[in-house]
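Notes for the one structure printed next.
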Protein chains: 2
Amino acid sequence: MTVASDPRVTDRVHQELRDRIFAGDLPAGARLSVPALAERLGVSRSPVREAIVRLVHERLAREEPRRGAVVADVSLKSLIAIYEVREVLEGLATRLAVENAGRRLLRTLEEVLGEHERAVSAVDLTAASEADMTFHRLIREAADNAEVVRMLDDVQTQVRLAMRTTQVTGGPKLAIADHRAIVRAMEAGDPAAAEGAARAHIARLRAVLAGQAGGPR
Amino acid sequence: MTVASDPRVTDRVHQELRDRIFAGDLPAGARLSVPALAERLGVSRSPVREAIVRLVHERLAREEPRRGAVVADVSLKSLIAIYEVREVLEGLATRLAVENAGRRLLRTLEEVLGEHERAVSAVDLTAASEADMTFHRLIREAADNAEVVRMLDDVQTQVRLAMRTTQVTGGPKLAIADHRAIVRAMEAGDPAAAEGAARAHIARLRAVLAGQAGGPR
DNA sequence: TCCGCTGAAGTTACATGTAGATAGGTATTG
DNA sequence: CAATACCTATCTACATGTAACTTCAGCGGA
């Protein structure tokens, strides 16, 4: 009998490369040489090749035929485009969450919001960012729509990649106010208002990014 | 010197398998055996394996570790979920198109709309469907947002896959009326109205699908 | 100094080898 | 006759072989 968790080498390599990219260990533009990585990781070239194909597909790497793959970067321009998409997807997720979810979710969201406030007051950047991500994750899971979850995961991957070079903080206090407005609309059981509040939240973050585009140089 | 078009075997195999899936030649649930396909296509196993990895990533196939891949299916439930996402993405694309595009696009859209009407009057299903797709493609290309284009392409892939088993026609005449309303809002230069009209169009199609869910059996 | 050539090193892309897992049919047992 | 054990064909996943291509450093000529 085989154990339930029988991770394939390919999966491990893929995860390892993802981690290294997000850690900044493999910076944007770094070449992903299959033989070199295979030796470094102590595996053969096949699983490395397959892992790279996956990275290319999730756009953590770019590939040119016969030239190999390099770690991708995210320009500020495309980050703004990503936030335009994120705006409508978070809006959708929030509307669906209102239509599907009950008391239980709202209570959990309030707890996370409390945790978020505490973290911001204590100037604990890590905890604040984590509470922020948890807030959004709870909502999109409550949407009960696998497509929107997948696409927002995709968006988040690109945002994480961009994070290494661009700052996306749009004022911690304002984020909490936005989140509070979202929860209020959800509690009122008003799907359209909830969608609007979620969209406004992301639109505001996008405006911050757009400000950076013309601003500092 | 090498020719500019030097398609890799992997690319050809990938395209070939995509075509066969959409043609219904490889029906949902069909096993994608790497050695069998390699022999059938007269290539080695490596490019076949890589093509299958790509199919899995674009969700034309599903894979279970150590069991291989099979051609994916799309349930009516997930097709509806896909249309929920499509609704907000087409809305976004249309709003952005209004903000970016000029006379030129509007003229082209009117032409396509005319072609669409002609095809519907002549009961030419193929031409009508093509005009329909062209209409939406023009708008999303005009949005000038690579992310929304990518995601709508993704949506369209799933819709095409679903087409083989589910009918998505929501009344050809109504489709034209919807498209006309979209163009009107675009001509008025009203981004919010254009977004609303596009969303209403897709929402109506989704309602048709939802009707099928409970209806015929 | 600048340009183009050349050859070596490294890499990609495809092909092939193979251990161990899986599925499905056949025999065997209660 | 049903359930179970076994057996074989096939496959997956990883490893490895190799021709052709890309890159780039170093050299020679304008």
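A, B, ... follow the sequence lines: proteins, then strands. Residue 1 opens every chain. Fair warning: this is a prediction, and the values are worked out from it, not measured in the lab.
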Give a yes-or-no answer on whether the side chains of B:Gln15 and B:Arg20 include a donor-acceptor pair shorter than 3.5 Å.
-> no
Residue pairs passing the side chain to side chain donor-acceptor pair (under 3.5 Å) test where at least one lies in residues 22-39 of chain B, sequence neighbours excluded = none
Polar pairs (N or O, both sides) under 3.5 Å between protein and nucleotides 8-11 of chain C?
from, atom 1, to, atom 2, distance (Å)
C:dT11, OP1, A:Ser33, OG, 3.2

Can you tell me if the side-chain N/O atoms of A:Arg8 get under 4.0 Å from OP1 or OP2 in D:dA13?
-> yes
Can you name the salt bridge (charged side-chain N to carboxylate O under 4.0 Å, His left out) partners of A:Arg67, sequence neighbours left out?
-> none
Scan for side chain to side chain donor-acceptor pair (under 3.5 Å) pairs involving residues 51-60 of chain A, sequence neighbours excluded, and state none if there are none.
-> A:Asp11-A:Arg54, A:His14-A:Glu58, A:Arg18-A:Glu58, A:Arg59-A:Asp154, A:Arg59-B:Glu147
Under the salt bridge (charged side-chain N to carboxylate O under 4.0 Å, His left out) test, which residues partner A:Asp178, sequence neighbours left out?
-> A:Arg204
Only counting residues at least two apart or in another chain, list the ones meeting salt bridge (charged side-chain N to carboxylate O under 4.0 Å, His left out) with B:Glu115.
-> B:Arg118
For B:Ala69 and B:Val56 the tightest heavy-atom approach is CB-CG2, 4.4 Å
Short side-chain N/O contact to D:dC14 OP1/OP2 from A:Thr10, under 4.0 Å = yes
Scan for side chain to side chain donor-acceptor pair (under 3.5 Å) pairs involving residues 70-83 of chain A, sequence neighbours excluded, and state none if there are none.
-> A:Arg62-A:Asp73, A:Ser75-A:Ser78, A:Tyr83-A:Arg86
Can you sort out the partners of A:Glu87 under side-chain hydrogen bond (donor to acceptor under 3.5 Å, both in side chains), two or more places apart, ordered by chain and number?
-> A:Arg199, A:Arg206
Protein-nucleotide distance (A:Asp11, atom CG; D:dT12, atom P), rounded to Å | 16 Å
Check side-chain hydrogen bond (donor to acceptor under 3.5 Å, both in side chains) between A:Glu141 and all other residues, then give those that pass, not counting sequence neighbours.
-> none
Give every pair of a protein N or O atom and an N or O atom of nucleotides 15-19 of chain D that lie under 3.5 Å apart, one pair per line with the distance.
from, atom 1, to, atom 2, distance (Å)
D:dA15, OP2, A:Ser44, N, 2.6
D:dA15, OP2, A:Ser44, OG, 2.5
D:dA15, O5', A:Ser44, OG, 3.2
D:dA15, N7, A:Ser46, OG, 2.5
D:dG17, N7, A:Arg45, NH2, 3.3
D:dG17, O6, A:Arg45, NH2, 2.2
D:dT18, O4, A:Arg45, NH2, 3.4

With B:Arg12, which residues qualify under salt bridge (charged side-chain N to carboxylate O under 4.0 Å, His left out), at least two apart?
-> none
Tell me: CG of B:Leu37 to C1' of D:dC11, nearest whole Å?
-> 12 Å
Positions of residues 49-63 of chain A (non-hydrogen atom under 4.0 Å from DNA chain D), listed by number = none
Separation of atom CD in B:Glu64 from atom C1' in C:dA21, rounded to whole Å = 14 Å
